[in-house]
Trainee: 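Can you read through this structure? Questions will come right after.
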Amino acid sequence: MNKVRTRFAPSPTGYMHIGNLRTALYTYIIAKKNGGDFILRIEDTDQGRLVEGATEVIYQTLRECGLNWDEGPDIGGPVGPYIQSQRMGMFKKYAEDLVEKGEAYYCFCDKDRLDELKAIQEASGIMPMYDRHCRNLSPEEVKEKLDANVPYVIRQKVPLDGEVTFHDELYGDITVACSTLDDQILIKTDGMPTYNFANVVDDHLMGITHVVRGNEYLASAPKYDLLYKAFGWEIPKYIHVEHIMKDKQHKLSKRDGDASYQDLMKKGYLSEAVLNYIALLGWAPKGEQEIFTLPELIEEFDISGLSKSPAIFDPMKLKAINGEHIRRLSPEEFLSHAEPYIRQAVKREDIDIGRIASLLQPRTELFTEIPEQIDFIDALPEYDNSLYCHKKMKTNEENSLESLKDILPVLEGIEDWTEENIHNALFELIARKGVKNGIILWPLRVAVSGKSFTPGGGIELSVILGKEETIKRVKTGIEKLS
RNA sequence: GGCCCCUUGGUCAAGCGGUUAAGACGACGCCCUUUCACGGCGUAAUCAUGGGUUCGAUUCCCGUAGGGGUCACCA
């Protein structure tokens with residue numbers, strides 16, 4: 001069997017949509033799982049939709065995600081060029097081949113006639129379709145018009161009746177009647193190929209064995225099959241993947257801000273987590289494991305786990321998976337990701353960032369949520385005394401005041417401000433007073449943070465803040481409660 | 001509208017003729033705990049619908065409904 005070759009063929013129209021990225025991911029995985037090559041081809045033939053810099057975005061996204069291509073525009077390869085606009089000259093002769101074989105024909109119908117035809121068909125409720133007006137022109141008529149330089153297109157000659165059956169690895173055999181298929185244009189008036197034609201020719205020329213693409217191409221697959229057959233080419237394996245939806249009836253739209261990979265990165269997601277999540281959207285692994293690295297995905301992936309119905313994007317689940325990946329980071333990796341966010345909130349130079357990071361790691365699901373968690377470090381926020389009242393801790397304003405008064409001299413007496421020393425001193429106090437931990441520790445936490453939720457308890461926060469600042473805040477607490 | 005595809009809890013989903021119908025996220029409760037989180041345990045919640053086929057249908061077939069896709073000299 002030939003070496004597996006898959007291709008990702010995006011149009012550079014702006015940014016990397018999550019659905020596209022997932023297609024790229026599956027495409028990459030299928031190649032790698034089979035020891036094959038993953039090829040990147042840029043389909044930039046629609047000049048109108050081209051967006052400056054979009055190709056760079058594609059490169060960058062794929063690289064960040066580790067979906068490295070074996071052949072592509074920037075690195076070349078044996079079947080280049082890999083930018084479709086640079087391949088434009090080569091298609092016409094393939095179409096002319098088809099004309100010779102009787103599988104395609106010249107069509108001289110102008111736009112006016114076609115528009116009129118379409119209007120009539122629509123008005124009478126018929127599906128708009130070319131009426132095959134030029135299909136049976138005699139060779140003489142064709143030659144005459146060609147010689148007279150009448151503009152023309154080349155159309156595919158779809159069988160008038162019978163049916164076509166094509167095979168999809170996921171959906172199995174799908175059969176459609178030829179009568180529902182249009183004689184689609186292969187070569188446009190300007191001599192350039194349509195996407196549908198270029199795609200088939202390019203895939204063949206590039207030796208693509210598995211075509212992974214969005215479900216929207218399912219309807220044109222029969223026409224592609226007919227084209228492959230007309231050429232006598234081997235038909236690749238098709239894998240049509242379903243769309244990712246925003247809700248039951250809407251696709252993830254470009255406007256809501258979480259449809260693109262770039263947006264998700266800005267929101268504080270890890271690329272591994274995004275990849276992991278989108279792999280799971282529309283694909284189910286065999287076992288119970290849900291958290292995967294890219295190599296693990298390659299190992300686990302199987303086409304049979306792909307879903308045939310659209311999947312709704314669930315931000316909650318993505319977030320949970322992101323948290324899962326964050327917790328698996330080494331402390332060093334976590335710090336390097338988290339530091340910019342910590343620095344957004346903490347400007348003080350004397351603070352031990354690493355210590356904050358270790359507190360943050362188990363409770364961070366999104367890096368962008370870090371600043372608000374630690375916004376009390378540089379300056380004690382205004383807070384209400386009601387924070388001192390906690391039912392479960394059995395604390396209220398009175399006993400909190402008493403506790404803080406007890407805590408103050410204990411803290412002042414600590415020479416070496418380490419977590420261990422603070423811990424020992426306070427637990428000694430707790431033992432001496434014969435109270436529950438919370439009676440002492442809850443008021444301390446409130447006094448030093450001024451918040452109801454903090455990453456870490458009173459002792460941990462005191463270490464971070466330093467002796468001077470901690471004592472100052474405890475005194476502030478005493479004043480507020482007095 | 002024609003054609004094609006799809007339909008298991010709120011969401012992602014396992015299942016592939018006989019199951020107490022997995023698991024995860026989310027929700028709720030409990031445990032652990034100096035808050036929150038992490039971790040652990042548990043609860044609620046699903047086979048769109050009507051007909052068949054069968055001893056037996058979530059599973060196979062048909063219809064209905066709902067959803068998606070597609071019908072360009074766009075990709």
Side-chain angles (χ1 to χ4, degrees), chain A residues 9-11 13 43-46 48-49 84 107 109 111 114 118 122 125-129 151-155 168 170-171 174-177 179-182 184-190 192-196 198-199 214-222 240 242-243 245 247-249 251 277 280-291 304-305 307-321 323 327 359-365 373 387 390 392-393 423 426-427 430 436-446 449 451-461:
Chain A
S11 295
T13 54
E43 309 217 324
D44 60 344
T45 49
D46 184 356
R49 291 204 306 169
Q84 206 167 47
C107 168
C109 295
K111 197 165 188 312
L114 260 21
K118 191 173 177 181
E122 274 173 358
I126 306 172
M127 168 170 49
M129 214 162 148
Y152 65 90
V153 299
I154 298 179
R155 287 184 183 270
D168 178 278
L170 234 193
Y171 292 90
I174 295 177
T175 302
V176 296
S179 59
T180 64
L181 269 21
D182 201 1
Q184 65 174 344
I185 291 173
L186 270 19
I187 298 292
K188 302 185 268 187
T189 314
D190 61 5
M192 296 296 130
T194 56
Y195 164 83
N196 289 313
N199 203 261
N215 191 275
E216 67 269 27
Y217 296 102
L218 209 48
S220 18
H240 288 94
E242 260 298 353
H243 291 290
M245 310 289 285
D247 57 48
K248 214 158 170 40
Q249 41 261 15
K251 281 210 261 185
Y277 176 63
L280 256 25
L281 250 190
W283 171 72
K286 288 263 186 290
E288 217 85 301
Q289 187 183 345
E290 262 198 327
I291 304 301
S304 66
S307 167
K308 282 183 272 198
S309 43
I312 297 171
F313 183 88
D314 180 4
M316 295 282 243
K317 177 89 181 193
L318 170 60
K319 216 173 143 182
I321 286 181
R327 267 169 255 134
L359 248 33
L360 249 18
Q361 187 165 5
R363 53 203 110 205
T364 299
E365 281 195 318
Q373 290 198 69
L387 285 185
H390 190 283
K392 202 174 137 205
M393 294 296 118
H423 182 275
L426 288 174
F427 273 77
I430 288 165
K436 304 255 295 177
N437 298 348
I439 294 291
I440 297 298
L441 297 171
W442 176 266
L444 173 63
R445 199 187 61 76
V446 173
S449 71
K451 296 183 67 155
S452 48
F453 307 128
T454 54
I459 295 170
E460 290 158 314
L461 299 185

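Quick note on labels: first sequence line is chain A, next is B, and so on, each numbered from 1.
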Trainee: On a whole-Å scale, what distance lies between the P atoms belonging to B:rA48 and B:rU58?
Mentor: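 Looking at atom P only, B:rA48 and B:rU58 are 10 Å apart.
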Trainee: Distance check, P atoms only: B:rC12 and B:rG67, in whole angstrom units.
Mentor: 16 Å
Trainee: First and last nucleotide of RNA chain B in contact with chain A, 5' to 3', at under 4.0 Å to a heavy atom: what are they?
Mentor: B:rG2 to B:rA75
Trainee: Any strand counts, and the cut-off is 3.5 Å on both contacts for Watson-Crick or G-U wobble. Which nucleotide pairs with B:rG2?
Mentor: B:rU70
Trainee: Kindly write out the residues that satisfy side-chain contact (heavy atoms from CB on, under 4.5 Å) with A:K286, not counting sequence neighbours, or none if the list is empty.
Mentor: A:D302, A:S304
Trainee: Under 4.5 Å between any side-chain heavy atoms of A:F313 and A:D247, yes or no?
Mentor: no
Trainee: Using the P atom in both, what is the distance from B:rU7 to B:rU11, to the nearest Å?
Mentor: 15 Å
Trainee: Across all strands shown, which nucleotide pairs with B:rU43 by Watson-Crick or G-U wobble geometry, both distances under 3.5 Å?
Mentor: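 B:rA27 - that is the nucleotide pairing with B:rU43, both distances being under 3.5 Å.
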Trainee: Going by purine N1 to pyrimidine N3 plus the second Watson-Crick contact, or the G-U wobble pair, all under 3.5 Å, which nucleotide sits opposite B:rU34?
Mentor: none
Trainee: To the closest 0.5 Å, what do you measure between NZ (A:K436) and CE (A:M393)?
Mentor: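 A:K436 NZ to A:M393 CE: 7.5 Å, rounded to 0.5 Å.
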Trainee: In chain order, what residues pass the side chain to side chain donor-acceptor pair (under 3.5 Å) check against A:R155, with sequence neighbours excluded?
Mentor: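 A:R155: no side chain to side chain donor-acceptor pair (under 3.5 Å) contacts found.
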Trainee: Could you tell me which nucleotide pairs with B:rG18 by Watson-Crick or G-U wobble geometry, both distances under 3.5 Å, or answer none if nothing does?
Mentor: B:rC55
Trainee: If we take the C1' atom in both B:rG17 and B:rC60, what is their distance in whole Å?
Mentor: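 So the two C1' atoms sit 8 Å from each other.
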Trainee: Describe the nucleic acid contact of A:V153 in one word from base, sugar-phosphate, nothing, applying a heavy-atom distance below 4.0 Å.
Mentor: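 Base, at least one base heavy atom under 4.0 Å.
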Trainee: Give one of base, sugar-phosphate or nothing for A:S220, where a contact means two heavy atoms less than 4.0 Å apart.
Mentor: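 No contact.
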Trainee: For A:S11, which contact category applies under a 4.0 Å heavy-atom criterion: base, sugar-phosphate, or nothing?
Mentor: sugar-phosphate
Trainee: Base, sugar-phosphate, or nothing: which does A:M316 touch, judged by heavy atoms less than 4.0 Å apart?
Mentor: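 The residue A:M316 makes sugar-phosphate contact but no base contact.
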Trainee: Under 4.0 Å, counting only non-hydrogen atoms across every strand here, what does A:G456 touch: a base, just sugar-phosphate, or nothing?
Mentor: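 Counting heavy atoms under 4.0 Å across all strands, the contact made by A:G456 includes a base.
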Trainee: At 4.0 Å (heavy atoms only), tell me whether A:M393 reaches a base, stays on the sugar-phosphate, or touches nothing.
Mentor: sugar-phosphate
Trainee: Describe the nucleic acid contact of A:Y277 in one word from base, sugar-phosphate, nothing, applying a heavy-atom distance below 4.0 Å.
Mentor: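 Touches nothing.
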Trainee: Measure the shortest side-chain to side-chain distance between A:D314 and A:Y277 over non-hydrogen atoms and say whether it is less than 4.5 angstrom.
Mentor: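 Yes. Closest side-chain heavy atoms under 4.5 Å.
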Trainee: Within the structure shown, what part of the strands sits under 4.0 Å from A:I185 by heavy-atom distance: base, sugar-phosphate, or nothing?
Mentor: base
Trainee: Considering Watson-Crick and G-U wobble pairs with both distances under 3.5 Å, what does B:rU49 pair with?
Mentor: B:rG63
Trainee: Hey, which sits more toward the 5' end of RNA chain B by its nearest nucleotide, A:R445 or A:L114?
Mentor: A:R445
Trainee: Tell me what A:N196 touches on the nucleic acid: a base, only sugar-phosphate, or nothing, going by heavy atoms under 4.0 Å.
Mentor: base
Trainee: Describe the nucleic acid contact of A:M192 in one word from base, sugar-phosphate, nothing, applying a heavy-atom distance below 4.0 Å.
Mentor: nothing
Trainee: Applying side chain to side chain donor-acceptor pair (under 3.5 Å), can you list everything that pairs with A:K111, at least two apart in sequence or on another chain?
Mentor: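 For A:K111 the side chain to side chain donor-acceptor pair (under 3.5 Å) partners, ignoring immediate neighbours, are A:D115.
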Trainee: Nearest nucleotide by nearest heavy atom, which residue falls closer to the 5' end of RNA chain B, A:S452 or A:G282?
Mentor: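 Looking at RNA chain B, the more 5' nearest nucleotide goes with A:G282.
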Trainee: Which whole number of Å gives the distance between the C1' atom of B:rU8 and that of B:rU49?
Mentor: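 About 14 Å, rounded to a whole number of Å.
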Trainee: Can you tell me how far C1' in B:rG40 sits from the matching atom in B:rU46, rounded to whole Å?
Mentor: 26 Å
Trainee: Not counting sequence neighbours, which residues clear side chain to side chain donor-acceptor pair (under 3.5 Å) with A:Q84? List them please.
Mentor: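 Expected list: A:E43, A:D202.
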Trainee: What does A:K436 touch in the nucleic acid at a heavy-atom separation under 4.0 angstrom: a base, only the sugar-phosphate, or nothing?
Mentor: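 No contact at all - A:K436 keeps every heavy atom at 4.0 Å or more from the nucleic acid.
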Trainee: Taking atom C1' in both B:rG42 and B:rG18, compute the distance separating them and give it to the nearest angstrom.
Mentor: 29 Å
Trainee: Could you give the distance separating B:rC36 and B:rC30 at their P atoms, to the nearest angstrom?
Mentor: 12 Å
Trainee: Which residues satisfy the side chain to side chain donor-acceptor pair (under 3.5 Å) test with A:H243, sequence neighbours excluded?
Mentor: A:E216
Trainee: Pick from A:L387, A:I440, A:T454, A:I459: which one makes a side chain to side chain contact (heavy atoms under 4.5 Å, CB included) with A:R445?
Mentor: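 When side chain to side chain contact (heavy atoms under 4.5 Å, CB included) is applied between A:R445 and each of A:L387, A:I440, A:T454, A:I459, only A:T454 qualifies.
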Trainee: How would you label the contact of A:L181 with the nucleic acid (heavy atoms, under 4.0 Å): base, sugar-phosphate, or nothing?
Mentor: nothing
Trainee: Under 4.0 Å, counting only non-hydrogen atoms across every strand here, what does A:C109 touch: a base, just sugar-phosphate, or nothing?
Mentor: base
